[in-house]
Amino acid sequence: NPTSAYKRAQIILADAAARPFVGALATHLYGAPESNAVDYTDLDNLSTLAKTYNLPVWMTEFWWNDSSGWSDIMYSLLSTYDISAIDYMWGFFGQWTNVADKLITINYSGNTYTGFTPEKNYYITGHYSRFVKPGALRLDASSNNPNIKVTAFKNPDGTMTIVALNNNSGQKTINVNLKNISTASLPTVYQTSATKNWAPLPSITISNGEFNISLKGNTITTLTNSP
């Protein structure tokens with residue numbers, strides 16, 4: 001967990017001989033003892049330590065059995081703690097585990113493989129992973145509504161991706177003001193809810209750096225001009 005990772009990283013980075021071999025600091029998120037309870041304790045300290053040595057922080061193993069909770073975890077990792085990479089432990093697994101705890105279910109009948117089923121956490125993760133490209137920079141993004149959580153990224157090719165969570169039970173129309181960012185439109189808009197996955201929404205036209213968008217209750221929405 002982050003507390004153990006922080007203690008160990010301090011010792012290793014303080015060793016001048018060992019320090020050049022460290023390319024990133026890594027942690028899991030499990031609460032003790034290895035329970036499926038998210039543990040952010042000392043993750044801020046680990047992030048600060050990494051910045052001192054100009055290193056990224058990677059979250060290298062965790063899983064979650066609730067899709068709305070998983071979207072919040074990803075938001076916190078990226079926005080609050082500056083995590084550079086997120087690894088989902090159970091990317092694919094067999095039918096015997098809980099459907100909600102993995103990205104893809106491997107289906108079988110007896111010993112015969114019969115195909116696979118993408119699960120809700122697959123689509124939730126894809127709101128980031130499909131359009132936030134390797135090497136992207138996270139842009140400063142804020143919301144004056146605590147139930148609307150927003151992250152924004154600039155990809156190496158100059159394209160932009162915005163991911164918005166609406167943790168309200170009701171629909172919210174928000175106004176987005178893009179400061180110091182020049183783009184005419186966000187042609188690709190997807191929204192995932194309890195009943196829909198990557199549902200396409202109308203393209204967004206930006207006027208004088210602003211636009212409005214309606215976010216249904218308990219949804220995650222991605223807006224991007226990235227292919």
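Heads up: numbering here begins at 1 and tracks the sequence.
Side-chain contact between Lys154 and Met160 is absent, with no heavy atoms from C-beta onward closer than 4.5 Å. Under the 4.5 Å side-chain criterion, counting only non-hydrogen atoms from C-beta, Tyr190 is in contact with His127. When side chains are defined from C-beta on, Lys51 does not count as touching Val57, because their heavy atoms never get closer than 4.5 Å. A 4.5 Å side-chain heavy-atom check between Asp157 and Lys133 finds every atom pair outside the cut-off. Between Pro2 and Leu29, the closest side-chain pair of non-hydrogen atoms falls below 4.5 Å.
Linking Ile, Leu, Val, Met, Phe, Trp and Tyr whenever their side-chain heavy atoms come within less than 4.5 Å leaves Tyr128 and Leu137 in two separate clusters. In the hydrophobic clustering of this structure, Trp58 does not group with Met74; members are Ile, Leu, Val, Met, Phe, Trp, Tyr whose side-chain heavy atoms approach within less than 4.5 Å, directly or through other members.
Closest of all the heavy-atom pairs between Phe131 and Thr161 is O-OG1, 2.9 Å. Nearest heavy atom pair, residue Ser68 against residue Ser71, reads O-OG, 2.7 Å. Contact detail for Tyr40 and Ser76: the closest heavy-atom pair is OH-CB, 3.7 Å. Across all non-hydrogen atoms, the minimal contact from Ile148 to Asn166 is CD1-OD1, 3.4 Å. Minimum interatomic distance between Thr114 and Tyr108 (heavy atoms only, all atoms of both residues): OG1-N, 3.5 Å. The two residues Gln95 and Asn107 come nearest to each other via the heavy atoms OE1-CA, 3.0 Å.
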Stepwise side chain to side chain contact (heavy atoms under 4.5 Å, CB included) test for Tyr122 and Trp198: CA-CA 10 Å; Tyr122 170 91; Trp198 293 346; 3.7 Å; yes

Step-by-step side-chain hydrogen bond (donor to acceptor under 3.5 Å, both in side chains) determination, Asn145 to Ser143: CA-CA 5 Å; Asn145 184 330; Ser143 167; 5.6 Å; no

Intermediate values then yes/no, side-chain hydrogen bond (donor to acceptor under 3.5 Å, both in side chains), Thr117 and Thr105: CA-CA 5 Å; Thr117 304; Thr105 296; 5.8 Å; no

Audit row: Asn197, Lys120, side-chain hydrogen bond (donor to acceptor under 3.5 Å, both in side chains) steps and yes/no: CA-CA 8 Å; Asn197 300 314; Lys120 186 62 71 174; 2.6 Å; yes

Leu43/Tyr6 under side chain to side chain contact (heavy atoms under 4.5 Å, CB included): CA gap, chis, key distance, verdict: CA-CA 8 Å; Leu43 190 54; Tyr6 174 55; over 6 Å; no

Verdict with supporting geometry, Ile213 and Val189, side chain to side chain contact (heavy atoms under 4.5 Å, CB included): CA-CA 10 Å; Ile213 183 171; Val189 184; 4.2 Å; yes

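Within the model, atoms CD1 of Ile162 and OG1 of Thr222 stand 10.0 Å from one another, a figure rounded to the nearest 0.5 Å. For the atom pair CH2 of Trp90 and CH2 of Trp64, the computed distance is 13.5 Å after rounding to the nearest 0.5 Å. Taken to the nearest 0.5 Å, the CD1 atom of Ile73 stands 12.0 Å off from the CG atom of Leu78. For the atom pair OG (Ser226) and CG (Leu186), the distance works out to 11.0 Å, reported to the nearest 0.5 Å. We find the CG-CD distance between Asn45 and Gln10 to be 8.0 Å, quoted to the nearest 0.5 Å. With values rounded to the nearest 0.5 angstrom, Leu13 atom CG is found 9.0 Å from Thr52 atom OG1.
Salt-bridge check for Asp82 with Arg138: passed, with a basic side-chain N closer than 4.0 Å to an acidic carboxylate O.
In this structure, Ser193 contributes its side chain and Lys196 its backbone to a donor-acceptor pair below 3.5 Å. Between the Asp39 side chain and the Thr41 main chain, a donor and an acceptor come within less than 3.5 Å of each other. Formation of a donor-acceptor pair under 3.5 Å by the Asn121 side chain with backbone atoms of Asp101 is not found in this model. Between the side chain of Asn147 and the backbone N or O of Asn168, no donor-acceptor pair lies under 3.5 Å. No donor-acceptor pair closer than 3.5 Å links the side chain of Lys172 to the backbone N or O of Ser169. A donor-acceptor pair is defined here as one N or O able to donate and one able to accept, closer than 3.5 Å; such a pair exists between the side chain of Ser47 and the backbone of Tyr81. Not a single donor-acceptor pair under 3.5 Å links the side chain of Asn175 to the backbone N or O of Glu210.
Taking a 6.0 Å sphere around CZ of Arg8, one finds it holds 12 or fewer heavy atoms contributed by other residues, nucleotides or ligands. Counting non-hydrogen atoms of neighbouring residues, nucleotides and ligands closer than 6.0 angstrom, the CZ atom of Phe21 reaches no more than 12 such neighbours. In the displayed structure, Lys216 atom NZ is contacted under 6.0 Å by at most 12 heavy atoms of other residues, nucleotides or ligands.
Taking the six-membered ring for Trp, Phe116 and Phe92 have ring centres at least 6.0 Å apart. Tyr123 has its ring centre no less than 6.0 Å from the ring centre of Trp70.
Exactly one residue among Leu223, Thr151, Val150 makes a side chain to side chain contact (heavy atoms under 4.5 Å, CB included) with Val163. That residue is Thr151. Exactly one residue among Asp72, Asn218, Thr219 makes a side-chain hydrogen bond (donor to acceptor under 3.5 Å, both in side chains) with Asn167. That residue is Asp72. Shown are Leu178, Thr159, Ile204; of these, the side chain to side chain contact (heavy atoms under 4.5 Å, CB included) with Thr183 is made only by Leu178.
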